[in-house]
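Just so it is clear: chains get the letters A, B, ... in the order the sequence lines come, proteins before strands, and each one is counted from 1.
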2 protein chains.
Amino acid sequence: MERIDSINNKFIKNISKLEQKKYREKTGTYLIEGFHLVEEALKAKRKYTFILATENALMQAVASLGLDPNDNRIVLISQKIAEHLSATKSPQGIFMVLKISQPKNFSFNYGKWVMLDHLADPGNVGTIIRTADAAGFTGIILSPRSVDLYNSKVQRAMQGSQFHLDLVVGDLYDAVADFKASGIPVYASMLDPRAKELAAFVPAPQVAIIIGNEAHGVEAKLAELADEKLYIPILGRAESLNAAVAAGIMMYHFA
Amino acid sequence: MERIDSINNKFIKNISKLEQKKYREKTGTYLIEGFHLVEEALKAKRKYTFILATENALMQAVASLGLDPNDNRIVLISQKIAEHLSATKSPQGIFMVLKISQPKNFSFNYGKWVMLDHLADPGNVGTIIRTADAAGFTGIILSPRSVDLYNSKVQRAMQGSQFHLDLVVGDLYDAVADFKASGIPVYASMLDPRAKELAAFVPAPQVAIIIGNEAHGVEAKLAELADEKLYIPILGRAESLNAAVAAGIMMYHFA
């Protein structure tokens with residue numbers, strides 16, 4: 001088993017670069033950290049190229065996650081490297097480099113979906129995916145202009161739900177056309193009291209909800225393609241709801 | 001009108017220290033930033049000791065917020081100081097130092113309330129308060145162990161809702177006793193399928209909901225005092241919902 005002690009090691013430098021989207025795209029890999037996410041990735045049998053762990057973390061992973069200590073993808077790292085790679089103040093000392101695998105030619109013809117139109121905040125995107133998992137949704141479609149799914153903050157906020165759902169980066173116009181062709185109702189979430197109140201909708205076995213950008217909402221042209229525009233009434237004096245909270249209220253309404 | 005150009009100025013150094021809770025408590029003041037929050041504070045006629053603004057921001061505030069340019073609490077600051085004081089990358093150049101005013105001997109005998117039991121994440125607390133405002137709630141009671149209400153991240157996430165609601169830092173046991181004495185039902189939000197499903201509750205004109213710490217939930221002793229324990233069912237494989245999303249779903253259920 002290889003052991004690396006220096007943060008100046010070339011391999012470690014390359015792992016660090018996975019923080020950058022362009023480097024993730026170049027290598028087709030991304031980084032996650034912490035026991036919970038690594039456990040979920042192992043359970044979901046996701047393809048990985050490396051597991052980096054401190055000695056203590058490795059012992060714990062072998063004992064509690066059933067990690068095979070002879071797995072030749074394991075690289076031992078020092079505590080200092082763990083601190084260097086981690087996005088948190090108290091790293092757990094375990095990291096995994098996973099292969100990005102985007103489904104090709106996905107067809108949206110069943111289930112409950114959320115479409116994210118140009119969502120910008122990583123915490124919002126991660127939280128929406130976690131909530132979609134809790135609400136029993138099938139998957140999430142992110143427009144290409146949304147924050148990158150493999151961003152470390154998005155990965156962290158998903159808390160493992162990234163391994164439970166279909167997560168697709170794709171054109172929302174194409175997805176809406178697919179849903180409509182399959183008879184799945186498409187609803188655009190609006191901040192507009194002329195839209196239909198959420199309470200007027202009944203829970204449905206299949207549904208596709210579009211959530212818009214935090215500042216600008218759903219793109220007007222895309223919203224026009226929806227079967228209905230819906231909104232959550234603002235009863236007090238707030239100007240709007242947080243996008244993840246609004247998405248959560250809608251998903252549980254249709255759950 | 002005083003004008004300050006150096007970030008080493010004693011007054012500016014003291015304003016910077018408002019980032020620390022102990023200094024906010026010592027001075028009985030806190031700092032907010034940005035046009036929207038300053039506008040909401042002015043509208044709500046909150047007591048302030050200073051407005052700090054760059055020349056451009058001051059012109060804009062006089063034109064759009066109706067700020068009196070002769071207000072002797074205005075201090076002109078340089079762009080560099082604005083960047084120094086700001087918690088954001090692109091500061092709008094306007095700050096306000098407000099007086100902390102906590103209601104004394106508050107009695108909880110009407111309306112819709114959320115109690116936050118040891119909430120730790122500033123974004124969650126701010127988002128819950130913003131959502132409570134949107135859902136037409138009366139106010140929020142934060143346990144003293146919760147993240148400080150005057151923390152800049154909490155203030156930012158509230159997006160002005162801090163000036164629309166009653167925000168009280170106080171003992172939750174006392175508050176629960178008040179609610180129960182007034183006949184207002186108290187519900188503890190649990191992550192426990194033995195609790196009663198949210199859908200079994202009907203919207204009520206008055207209600208008090210306890211939301212628990214992100215990792216540990218509502219303190220067991222406190223939950224026992226509630227009239228009912230309730231939970232939002234997890235239909236997929238997520239372990240839990242984000243606290244702010246769960247609070248949002250509950251508040252809109254009772255709205």
Side-chain angles (χ1 to χ4, degrees), chain A residues 36 39-40 43-44 111-112 121-124 126-140 153 156-166 191 197-199 203 214-215 231-255, chain B residues 36 39-40 43-44 111-112 121-124 126-140 153 156-166 191 197-199 203 214-215 231-255:
Chain A
H36 181 58
E39 181 177 16
E40 294 280 342
K43 267 196 217 161
K112 285 179 170 156
D121 182 88
N124 281 344
T127 301
I128 290 172
I129 292 169
R130 176 181 170 194
T131 309
D133 182 12
F137 271 54
T138 312
I140 302 277
K153 285 181 192 159
R156 196 162 62 247
M158 290 192 275
Q159 298 208 355
S161 291
Q162 59 266 61
F163 304 115
H164 303 159
L165 299 178
D166 287 326
L191 191 72
E197 265 197 42
L198 179 63
E214 290 87 348
Y231 90 110
I232 299 171
I234 301 291
L235 308 166
R237 288 188 283 154
E239 289 182 2
S240 63
L241 286 164
N242 164 276
V245 171
I249 292 169
M250 288 185 188
M251 286 189 265
Y252 265 91
H253 182 83
F254 287 105
Chain B
H36 180 59
E39 179 176 19
E40 293 281 341
K43 267 196 215 162
K112 284 180 172 156
D121 182 88
N124 281 344
T127 302
I128 290 172
I129 292 169
R130 175 180 170 196
T131 310
D133 182 13
F137 270 55
T138 312
I140 303 275
K153 285 180 193 159
R156 194 161 65 246
M158 290 193 275
Q159 297 209 355
S161 291
Q162 59 267 62
F163 304 115
H164 303 159
L165 299 179
D166 287 326
L191 192 72
E197 264 197 42
L198 179 64
E214 290 86 349
Y231 90 111
I232 299 170
I234 301 291
L235 307 166
R237 288 188 285 156
E239 289 183 359
S240 62
L241 285 164
N242 164 275
V245 171
I249 292 168
M250 289 189 188
M251 287 189 266
Y252 264 93
H253 182 83
F254 288 106

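- Take Y231(B) and apply the ring-ring contact (aromatic ring centres under 6.0 Å, His included) test, not counting sequence neighbours, and it matches no residue.
- Of the listed residues (M250(A), E40(A), E239(A), H253(A)), the greatest number of heavy-atom pairs within a distance under 4.5 Å of chain B belongs to E239(A).
- Contact annotation for T127(A): only side-chain heavy atoms (C-beta onward) come within less than 4.5 Å of a heavy atom of chain B.
- Residues M251(B) and I128(B) have side chains in contact (heavy-atom distance under 4.5 Å, counting atoms from C-beta outward).
- Within the model, atoms NZ of K112(B) and CZ of F254(B) stand 9.0 Å from one another, a figure rounded to the nearest 0.5 Å.
- With a 4.5 angstrom heavy-atom cutoff, H36(A) touches chain B only via side-chain atoms.
- For F137(A), no part lies under 4.5 angstrom from a heavy atom of chain B.
- When all heavy atoms are compared, the tightest approach of D121(A) to E214(A) is N-OE2, 3.0 Å.
- Judged purely by atom type and a 3.5 angstrom limit, R156(A) has no side-chain atom pairing as donor or acceptor with the backbone of G126(A).
- Taking L241(A), I234(A), T131(A) one by one and counting their heavy-atom pairs under 4.5 Å with chain B, the maximum is reached by L241(A).
- Contacts with chain A were tallied for G123(B), P233(B), A246(B), S161(B); P233(B) has the most, counting heavy-atom pairs under 4.5 Å.
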